[in-house]
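Single-structure report; data block below.
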Amino acid sequence: MENAVESSRLDKLRNIEKLGVDPWGQRFDGHMSIQTILQLPADLPEDQRPGVKAAGRIVSRRIGGKVHWLDLRDWSGQLTTRKTTSDDDKHEASEFTDWSSRIQIMLGQKQIGEIGWALAQELDLGDLVGIEGKFGKTKRGEPTIFAEKLTFLSKSLEPHPDKWSGLSDMEYRLRHRYLDLTYNPELLDRALKRVKIIRTIRSYLDGQGFCEVETPTLHAIAGGAAARPFKTHHNALDIPLFLRIALELHLKRLLVGGMERVYEIGRVFRNEGISQKHNPEFTMLELYQAYGNYESMMDLTEGMVLAAIDAIGGGYQRSYGTQAIDFSPPWARLAYGDAFQQHVGISMHDEAAVKDAAQKTHLAIAGKHHDVLVHELFEHKVEHKLTGPVFVHDYPAALCPLTKRKAAMPTLAERFELYIHGMELANAYTELNDPIMQEQTFSQQLAGLPEEDSMAKMDHDFIRAQRHGMPPAGGLGVGIDRLVMLLTNTQTIRDVILFPLLRPEK
RNA sequence: GCGCUCGUAGCUCAGCUGGUAGAGCACGGCACUUUUAAUGCUGGGGUCUUGGGUUCGAUUCCCAACGAGCGCACCA
């Protein structure tokens, strides 16, 4: 399907070829970043102007008879902080770093040469070009490269978005992420902050003596979490396989193997709904520390997140949407039972009262385990009030088949979740390392739950590993995407994942 | 999975209780060597997401499908 814009661009492509010029460009060495050029002295007399060489995308164009003005963009910015000009009233404007730089180019018929001038006639918005010339200011005071040579680096055959309105249609943005990155600078800023956050987590953990490992993505049994897996098939072995839903069970095998501090940052896959907080594939950090427990994990989590905040800047007082979140340490620690008592008004151990409250909240109660009801109430009445950051610890034991029980109170498990802005950001246990008990919890399905929805999936291979002696350990899981959302004030997971899942077109 | 809303030019958007569509930018032509949302004149560009229905007539009303956004549910 060709429209007028596209056919005109194809014509121009042919014209460039006729001039003997490669419209797709070649290696282009020795150019300077636009940011560097903009810092050169611009007020020198004409005969002393420094020679410069730049490369980038044409994002704006103003054409006179014998002079063309271009705006050239590259990604060398990061010196300027801007405010979003969001038309969305729900969220406050937030600051972001503009990683792009723009510089004006003057192409004059006399100065650019015959072929250069012919090429200039074939330029379109979106083309990539290299410019060599002198840097100075125009009469109006605009920093400008006065071009002496124009090098074609790549033709754009598709029209680019409106230079003033840019891109706003969400679907269009997601299906043309490359344009979104070019024309919505906040997105690029988030993507680069994400890189920084992950890099910081790695160096923080490495500094604590952890080592990063890679474990299989294809699992025979998708365990370690309660989620439906994606199913696939291996042809040569003719066996069904699942994409992993967690990293847990392989990392714990490494504990048995004597790797005392391990972590993995990797993709996991859950065949469930899509929402602003859920993408079918997302990035998890899991780590295990031999001879630690869930309290060691609290300290570690706090230190790691604070290091990430230090890396991207902006301080410990941060905003998320219209809400303020104070990350200043130490973060609150709140027992699950206390949080429950406080917001539901009854004891989580009072079975009759829990049943009663569940009924009043219109929860289906038939055949459900007491702990399941407790947690459903927790999710309805407590979770959204946990602005945090707060470590909620000591969970109902039946919900935690991979967790060690509290010695003094075996109905509770040594587990915490870190809540920030009502979101579960991290989940940690004192790991269950008793293989006999592990076998029991794997085989005890909670009433009313299909096995595929259960965290308790029997995995004999894992139990056999544990039977060889797994050290007592603390373990932690962190949803990296949600962490990036919180730290970059992003309301939807689709804006911290560069290519979130979409239904294919047509 | 359920509910609400949306789908009009390459992009951003108008389009009144139903009479087969407009603007800005982008694109083509003419003029201009100091413009910067350049300007002036001018031209081309649309299966109004798709398929049915109601109607003399549907972009508009109804039904369905497809795609998307938001909310709810699921995610023990």
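Just so we're on the same page: letters track the sequence lines, and every chain starts at 1.
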_Positive for side-chain hydrogen bond (donor to acceptor under 3.5 Å, both in side chains) with A:Thr430, one of A:Glu414, A:Lys406, A:Arg405, A:Lys404_ = A:Glu414
Is any side-chain nitrogen or oxygen of [X] closer than 4.0 Å to OP1 or OP2 of [N]?
X	N	value
A:Lys12	B:G28	yes
A:Lys110	B:U33	no
A:Ser8	B:G10	no
A:Thr138	B:U33	no
A:Arg175	B:A68	yes

*Using the ring of each side chain (for Trp, its six-membered ring), is A:Phe442 parallel, tilted or perpendicular to A:Phe462, with breaks at 30° and 60°?*
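A:Phe442 vs A:Phe462 ring planes: tilted.
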*Of A:Gln276 and A:Leu502, the one whose closest RNA chain B nucleotide lies more 5'*: A:Leu502
*Where the side chain of A:Asp124 is defined as all heavy atoms beyond and including C-beta, which of B:G67, B:C27, B:U34 is the nearest nucleotide?*
B:C27
_Taking any heavy-atom pair under 4.0 Å as a contact, classify A:Arg61: base, sugar-phosphate, or nothing._
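Since only primed, P, OP1 and OP2 atoms lie under 4.0 Å of A:Arg61, the category is sugar-phosphate.
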_When both hydrogen-bonding distances must be under 3.5 Å and the geometry is Watson-Crick or G-U wobble, what is B:A21 paired with, if anything?_
none
*Do A:Glu264 and A:Arg244 sit within salt-bridge range, that is, some charged N less than 4.0 Å from a carboxylate O?*
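A salt bridge is present here (some side-chain N lies under 4.0 Å from a carboxylate O).
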